[in-house]
Each structure stands twice: as C-alpha cells, then as structure tokens.
Amino acid sequence: MGSIPRASTPPPPWVELPPEITTIILQKLGTIEILTTVQLVCKTWRDLCVDPAIWRIIDLRNDMRNDGSLLDSAYDLEKICRHAVDRSQGQLIDINIEFFGTDDLLCYISQRSGQLRRLRLVFCYHLSGEALSKAVKKMPYLEELQLYYTRITKEAIEAVGHSCPHLKCFRLNNQGFRRPQIECDEEALAVAENMPSLCHLQLFGNKMTNEGLKAILDGCHHLESLDLRHCFNLCLEGSLERRCSQQIKELKRPHDSTEDYEFECHIEDFESSDEDYSFRFSDIDHMSLDDDYYEFSDLDDEYFDYADLVID
C-alpha cells in the first residue's frame, strides 16, 4: 500500500500580510516586546525585526507597578537600548527612555544616531547635564527634546540651543511646589537667550518668576503654545496677562487643570527650604536600577533569545 500524503500545514495568516503592514503593526508593540518576544514567533517576523527601518523609532517606555517596582526590571534595559540602536544602523529618528539611562548610554546613542529628530528622557536619575551637553553636539537635526523629572543645568540648556538650530519643541518638566517659595529664573533665561526658534514650550512646575516669563516672551517670538502649569511663582495679571494672551495661541496658566498631564502631579508643600525641591518625586524612591538586572550575553548575536531573561 502506498503511503498517504500528508496535508501541508497552511502558513499562519499573518505571514501573508505585506511586509510594510506587518512592520507598522510590530512597531506599535514597543522595543522591549519586539526584542524579547516578537522576533521569536517566526522567521518572517524575525527577518523584519532586523530590518533597520523598524528601528527608526525606539520606545523604551517602562511602566511602574503600584508598589513602585518596574514592570520590566527582569531585563537590562540599557543593553536592550544599545542593541536596538545598533539595529537602526544610523536611521534612528525618535527615541523614548523612561526610568533608566546613564551618561554612557546617552553618549552611545548620540554617536550612532546623527539623524535623531526627537529625544524623550523621563525619570532618568543618572543622567547629567554635562552628558546631555556633549550628546546634543552630535544631534544637529533634533527638533524635539522632552525632559521629565531629569536633572539639567543652565549650561546644558545653552548647549542644546547652540547645537540644535532646528529645535521647535522643548519640554522641561518638574514637580511644582507652592511652599517654600524658591525663585529661580536660570532655566527660563537660558531658554529665552538660546532657543529663539521654539514653537512649543512646556515648563511644568518651573520656579521662574515674572521676569523669567518676560524674557521668554521677548526671546522666543515664534512661540505658539506655552505650558506654565504649576509655575506658582508667576503672577499672570495686568499687562503680562494681556501680553501672554495676545502673543501665545495656546496658553496654559499655573492653576489650569492637569487632567491631561500624563504623570501624577499633586502639589507638595514643605516647611523647610534647605533643599532644591524641584527634583523630588512623589511615591517614587531613588531606587538603584541596577538591582536584580539580568545581564545579556553576546549582544552581537542578532538572534539572541531575550526570552531566557524573563522572570516568572
């Protein structure tokens, strides 16, 4: 008797999708998911996951659990980031880093991403203003810089203005405090004097006074939107209020609603004024992001099995 031929197993339906459609779908999953899960599904997806085009946007968003621990603390996120940057082969235009990052990492990104248009750094405790100053010198096409609860110096703001002539959007956001009333116009003056082409500026929780705001209005003539929420040293009334309303199309005042703000932003009041409170974080400890990390081995292996690093 002859053998009965086996029916061939049809390929999974997703394999039949055009590559460009599959690429769009995969990009929505995020960098961590692509490197730890997606590229292991099938050869078709793996081939797409090593295409530099899929790494033009790197999103290393790292959410926190209710207990304050990081959801993706099972992975060495800095090494994942370096691997993703390598795969972009210089085509990276947009990168988002949250809750991790070092001076060395920012230097690594800047050396390999000369086409970068957007840089977003959120709760990056270990980044210094000096490192940012050096990095932006290699980001001449940067159009948008977002810094959320990340240390920066006046000198770094000046360096950004000098090195990034195409910068249109700048966000420098911190925790707002009503008391003690610590006034500081350094950051506002640095923006006013070095970023004349800005169209969108967000200075959430800044310690500027009316003098700093006037300098911004004088120096940034192209501003279309200005977010001053939780800037409690400002007193918008009289001629300053009229000027803001006339010059700025979309103005958010210090006491406006924060419902659309993506991070928790309740207002803190402290009796002591011995510290710089702009860098305090509610419900978030200054944790060591190096604890409990698992090391990658052989980052040069483009098919490294990241799934081995998952903690149950």
Side-chain angles (χ1 to χ4, degrees), residues 18-40 43-62 72 75-98 100-122 124 126-147 150 156 159-171 197 296-304 306:
E20 59 273 17
I21 300 299
T22 304
T23 297
I24 294 173
I25 294 172
L26 297 185
Q27 284 178 325
K28 294 182 180 298
L29 297 176
T31 300
I32 296 174
E33 289 78 8
I34 292 174
L35 289 177
T36 60
T37 306
V38 172
Q39 69 174 1
L40 306 176
K43 184 179 184 302
T44 299
W45 282 15
R46 177 168 292 183
D47 291 342
L48 287 174
C49 288
V50 298
D51 184 347
I54 205 172
W55 300 106
R56 298 189 60 179
I57 298 175
I58 295 176
D59 185 3
L60 282 161
R61 197 177 304 271
N62 193 7
D72 291 306
Y75 306 110
D76 186 326
L77 297 178
E78 183 167 338
K79 286 190 175 180
I80 283 183
C81 184
R82 289 174 184 251
H83 199 180
V85 169
D86 289 343
R87 287 193 177 186
S88 74
Q89 297 183 21
Q91 297 186 30
L92 179 64
I93 60 172
D94 185 337
I95 187 167
N96 175 40
I97 296 174
E98 298 189 8
F100 76 100
T102 62
D103 290 357
D104 287 342
L105 177 62
L106 188 58
C107 177
Y108 191 89
I109 294 169
S110 67
Q111 291 175 344
R112 293 159 176 79
S113 309
Q115 302 299 315
L116 197 65
R117 300 296 198 276
R118 178 179 180 268
L119 174 63
R120 186 174 188 267
L121 303 172
V122 180
C124 291
H126 304 305
L127 285 175
S128 67
E130 292 77 10
L132 182 62
S133 297
K134 293 179 181 179
V136 294
K137 292 179 181 179
K138 298 181 180 180
M139 301 176 182
Y141 300 107
L142 197 67
E143 298 175 359
E144 183 173 344
L145 176 61
Q146 299 185 20
L147 303 174
T150 297
V160 171
H162 294 160
S163 303
C164 308
H166 301 286
L167 194 71
K168 301 300 181 185
C169 176
F170 183 49
R171 297 183 182 181
S197 299
F296 277 32
S297 63
D298 190 10
L299 275 179
D300 294 330
D301 180 2
E302 64 182 6
Y303 298 133
F304 183 82
Y306 296 87

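Model, not experiment: these values are computed from the prediction. These numbers come from the heavy atoms of this one structure, side chains and all, not from hydrogens, waters or symmetry mates.
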Worksheet, complete the sentence: Between the CD1 atom in Ile58 and the CD1 atom in Ile32, the distance rounded to the nearest 0.5 Å is 11.5 Å
Practice prompt. Check whether any side-chain heavy atom of Tyr108 sits under 4.5 Å from a side-chain heavy atom of Asp86, and report yes or no.
Written response: yes
Worksheet item: Rounded to the nearest 0.5 Å, what separation is found between the CD1 atom of Ile95 and the CG atom of Leu121?
Response: 8.5 Å
Item to complete: Indicate yes or no: at least one non-hydrogen side-chain atom of Ser113 is less than 4.5 angstrom from one of Met139.
Response: no
Practice prompt. Tell me, with the steps shown, if Ser88 and Arg56 meet side-chain contact (heavy atoms from CB on, under 4.5 Å).
Written response: CA-CA 6 Å; Ser88 74; Arg56 298 189 60 179; over 6 Å; no
Worksheet item: Do you know which of Thr150, Val122, Ile109, Leu127 makes side chain to side chain contact (heavy atoms under 4.5 Å, CB included) with Ile97?
Response: Ile109
Worksheet item: Under 3.5 Å, is there a donor-acceptor pair between the side chain of Arg117 and the main chain of Gln115?
Response: yes
Discussion item. To the closest 0.5 Å, what do you measure between CG (Asp47) and CD1 (Ile54)?
Written reply: 11.5 Å
Fill in: Atom of Gln91, atom of Pro52 and distance for their closest heavy-atom approach
NE2-CB, 3.6 Å
Item to complete: Indicate yes or no: at least one non-hydrogen side-chain atom of Cys81 is less than 4.5 angstrom from one of Leu105.
Response: yes
Worksheet entry | Closest non-hydrogen atom pair between Pro165 and Pro140, with its separation | CD-O, 3.8 Å
Worksheet item: Has the side chain of Arg112 got a donor or acceptor atom that lies under 3.5 Å from a matching backbone atom of Gly90?
Response: no
Worksheet item: Which is it for Leu106 and Leu119 under the side-chain contact (heavy atoms from CB on, under 4.5 Å) test, yes or no, and what are the steps along the way?
Response: CA-CA 10 Å; Leu106 188 58; Leu119 174 63; 4.2 Å; yes
Fill in: Note: Glu130-Lys134 ion pair, threshold 4.0 Å (strictly below)
no
Worksheet item: Is Ser197 close to Lys168 at the side-chain level, that is, under 4.5 Å between some pair of heavy atoms?
Response: yes
Worksheet entry | Any donor-acceptor N/O pair, Asp103 side chain to Ser128 backbone, under 3.5 Å | yes
Response to the item:
Closest non-hydrogen atoms of Gly129 and Ala156, given as atom of the first, atom of the second and distance, are O-CB, 3.5 Å
Worksheet item: Can you tell me how far the CH2 atom of Trp55 sits from the CD1 atom of Ile57, to the nearest 0.5 Å?
Response: 11.5 Å
Worksheet item: Ala135 and Ser110: which non-hydrogen atoms are nearest, and at how many Å?
Response: O-CB, 3.6 Å
Worksheet entry | Minimum side-chain heavy-atom gap Leu35-Arg87 below 4.5 Å | yes
Worksheet item: Hey, are the side chains of Leu40 and Trp45 touching, using non-hydrogen atoms and a 4.5 Å cut-off?
Response: no
Response to the item:
To the nearest 0.5 Å, atom CZ of Arg118 lies from atom CG of Leu92 at 11.0 Å
Worksheet entry | Distance (rounded to the nearest 0.5 Å) between Cys107 SG and Lys138 NZ | 5.5 Å
Worksheet item: Can you check whether Asp59's main-chain N or O pairs, donor with acceptor, with Thr31's side chain at less than 3.5 Å?
Response: yes
Worksheet item: Would Arg120 and Glu98 pass as an ion pair if we require N to O under 4.0 Å?
Response: yes
